[in-house]
Amino acid sequence: MRLPPGVGSQEFSRALHQFEKTVGKEWVFTRDEDVALYNDAYTPFAAEPSRQLLASAAVAPISVEQVQGIVRTANQYKVPLYPISTGRNLGYGGSSPTCPGCVIVDLKRMDRVLEINDREAYMVVEPGVNFIELYRRFEEGNHPFLVAAPEPGWGSPVGNALDHGVSLVAGDNFGMAKGLEVVLPDGEVIRTGMGALPTRRLWHNYPYGFGPSIDGLFTQSNLGIVTKMGFWLVRKPEMQTSFSVSSFRSEDLQPLIETVQLMRDQGLLYLSTGGSPIRGSPGGGRRDSAGPLAPHASGAMTLLRKPDGGSDAEWDSLGRRHGVPVSMVSGSVRGPAKVVEATLDYARELFARVSGATFSRGASYRFPLDPQQIPPPERPGLGIPNLWIFTSVAMEATHGVYFFSPVCKATGEDLLAINETVRKVVLAHGSDEMQQHLLGWRMGVTVHAKAYVLAYDFPIFADADKDRRYREICERLMDACAAQGWGDYRAHCAFQTRVMRGYTFNDSALLRFHERVKDAVDPNGILAPGKSGIWPKHLRRQG
Ligand code: ADP
């Protein structure tokens, strides 16, 4: 059996015995084949078992009281814990801990939907509630809401929101979270915001309460185990439709993005994207052994490999030859049908001012929907969670992917600048094969109104040398982007300490603050050591 860091085998056995007393023997997992279920299926160390972030055991409570009991035992024996909701955080570590040897606190059994409030459009859930089950509950109970699931939609609202996850329905899922219940590292339970009043009347209606708002302290952090969470819900609209606007001129990218962002600022769109399809991931298809390269790909790769990355004129001409736009934005509209139609008319008028642009209206969906009538890739954006994404990602002839996910401004200049920075790093440090995988623009998605979240996927090969080289280039990209203010919105466990080290303002004052809070709230350092690069005192600077 693997041991937690700094814990002897006798002490660990006693702790496990105590866990068994708290949750029942059948809910403490110590056999290798059981604990292996918590391994990261997409580990960047696939061929380096000694570097994998493996758990020592797992414990699955069913109540807040049991979570409190587990935390108290962990303090008594100094056993580090790593809480997960459903642990489907694939590409960012799955259900594996940031620090090897942690005991996973698996919250999947705490799967009650505590309230769905149709009138006030919010719900309260436990961490084990997953999106697909939630969809079933909404449909069976005729609740008029869309499920705000990411792709794939197998995780949980709580786990996703706590890791700053996103959806194509609500965008920033933590932005919809209102009111938390948290078991602190010493076992005490708190409710945030107005949930701390004697009655919970406004817990999920008003986000702040009185005094400092602390909900964010529990996201991407290691200061508590969240046991309940309220979420505002998105109502099913009468109609939902999208549009895209494309151009064969590079110079149109900036005005197109400005226009779509203007509509966002006016509150007319809930989502927009921007990018350059012709410059986008030309080699990506190569990883999929079944898929041929797109016809324009070799031309695009040649331009991306030129010292200047290809002039606008060269890209424009390549795009025209292959009929692939150089500049493109899209927007999504939902609401009453006549409002949607008026918004589309207005969009058409606005974009007519960008002379090279062509406006295209996407499919319109009228509610109620029949999921069978909707192509699987469209379903998550319409509030129907599914796993279709695996049909594209899992086909790849690799051992999975992890993500480098920086954020840039939702402007043409910034999108261009970050992609140029990435291109230069990949060209300078990547082999031919790596360039094939990593070169190319990623589409910017404005799940946050004024920023694009980008995702560069890094393939895993289960070849120690190759995987090391890919990790090195991922780290170089993290450093190069952080130096210019493009931080990651989220990072795989293996890179979190690296990412946090990029936050250097005033001698890393923010990290030092996190560490002070950590030491005060969790003096024994038992909760998720190393999460987001925040280590307890006794393990500090080891990450
Ligand atoms: P999902 O349920 O969507 O698959 P995860 O369970 O993988 O999400 O959670 C993502 C990350 O968020 C975890 O690795 C963990 O660090 C943190 N986390 C998840 N659930 C909780 C929770 N209930 N309390 C505290 N942290 C959590």
Side-chain angles (χ1 to χ4, degrees), residues 37-43 53 55 58-64 66-68 70-71 74 80-99 102-112 124-134 147-167 173-174 177 180-185 189-190 192 214-231 380 385 387 402-403 405 489-496 521-522 526-534:
L37 295 174
Y38 295 93
N39 293 358
D40 180 7
Y42 283 4
T43 172
L53 303 168
V59 50
I62 200 168
S63 67
V64 179
Q66 290 189 0
V67 174
Q68 291 177 280
I70 291 166
V71 164
L81 303 173
Y82 191 82
I84 57 166
S85 286
T86 64
R88 303 291 197 208
N89 204 8
L90 220 58
Y92 296 105
S95 44
S96 78
T98 324
C99 175
C102 283
V103 173
I104 303 292
V105 181
D106 181 348
L107 300 165
K108 271 199 251 7
R109 294 174 69 215
M110 295 177 65
D111 62 354
R112 289 178 304 163
V124 188
V125 292
E126 291 188 327
V129 173
N130 69 62
F131 291 108
I132 291 172
E133 172 62 15
L134 191 61
V147 173
E151 297 175 82
W154 59 352
S156 68
V158 172
N160 179 266
L162 288 178
D163 216 32
H164 296 171
V166 301
S167 68
N173 278 354
F174 183 67
L180 276 58
E181 179 185 86
V182 187
V183 175
L184 297 177
V189 181
I190 59 168
T192 66
I214 63 165
D215 293 29
L217 274 183
F218 300 103
T219 69
Q220 292 193 350
S221 90
N222 46 19
L223 298 177
I225 300 181
V226 175
T227 46
K228 290 183 186 64
M229 210 164 182
F231 286 92
L387 305 181
Y402 55 94
F403 298 103
S405 308
Y489 97 98
R490 192 176 188 183
H492 188 283
C493 289
F495 300 101
Q496 289 175 4
V521 174
D522 183 11
I526 53 113
L527 205 63
K531 175 81 186 172
S532 295
I534 303 161

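Heavy-atom basis, side chains included; hydrogens, waters and symmetry copies ignored. Numbering of ligands and ligand atoms starts at 1, following listing order.
Here is the list of ligand 1 atoms found below 4.0 Å of a heavy atom in I225: 24 (N), 25 (C).
At least one heavy atom of Y82 sits closer than 4.0 Å to an atom of ligand 1. The shell of residues lying under 4.0 angstrom from ligand 1, judged by heavy atoms, excludes G93. The closest approach between a heavy atom of G224 and any atom of ligand 1 is below 4.0 Å. Contact between G87 and ligand 1 is present, with at least one heavy atom of the residue lying under 4.0 Å from the ligand.
With respect to atom 3 (O) of ligand 1, the closest heavy atom belonging to the protein is S156 N, 3.0 Å. Annotation: atom 20 (N) of ligand 1 to nearest protein heavy atom, S85 OG, 2.7 Å. Among protein heavy atoms, the minimum distance from atom 17 (C) of ligand 1 is reached at P83 O, 4.1 Å. Summary of contacts: the protein heavy atom closest to atom 8 (O) of ligand 1 is G159 CA, 3.4 Å. In terms of protein heavy-atom proximity, atom 1 (P) of ligand 1 is nearest to T86 OG1, 3.4 Å.
If you check the side chains of S167 and N173, you find a donor sitting under 3.5 Å from an acceptor. Checking N39 against S96 by side-chain atom types alone, no donor-acceptor pair falls below 3.5 Å. Side-chain contact annotation: D106 with Y38, donor-acceptor N/O pair under 3.5 Å present. Side chains of N89 and D163: a donor-acceptor N/O pair is present below 3.5 angstrom, by distance only.
The residue from I84, T219, N89 that puts a heavy atom closest to atom 7 (O) of ligand 1 is N89. With distances taken over non-hydrogen atoms, the option nearest atom 27 (C) of ligand 1 out of L107, V105, L162, V158 is L162. Heavy-atom proximity to atom 4 (O) of ligand 1, evaluated over Q220, E181, R88, is greatest for R88.
Nearest heavy atoms, L90 versus W154: CD2-CZ2, 3.9 Å. The two residues V71 and L184 have their closest heavy-atom pair at CG1-O, 3.6 Å.
Under the 3.5 Å distance criterion, the side-chain polar atoms of T192 are matched with a main-chain donor or acceptor of L180. For the pair Q220 (side chain) and S532 (backbone), a donor-acceptor distance under 3.5 Å is absent.
Remark: ligand 1 and D163 share no N or O pair separated by less than 3.5 Å (distance only, no angle test). Note: an N/O pair closer than 3.5 Å links V226 and ligand 1 by distance alone.
Contact annotation: the side chain of V103 never approaches that of Y82 to less than 4.5 Å [non-hydrogen atoms, C-beta and beyond].
Classified by interplanar angle (parallel below 30°, tilted 30° to 60°, perpendicular above 60°), the ring pair Y92/Y489 is perpendicular.
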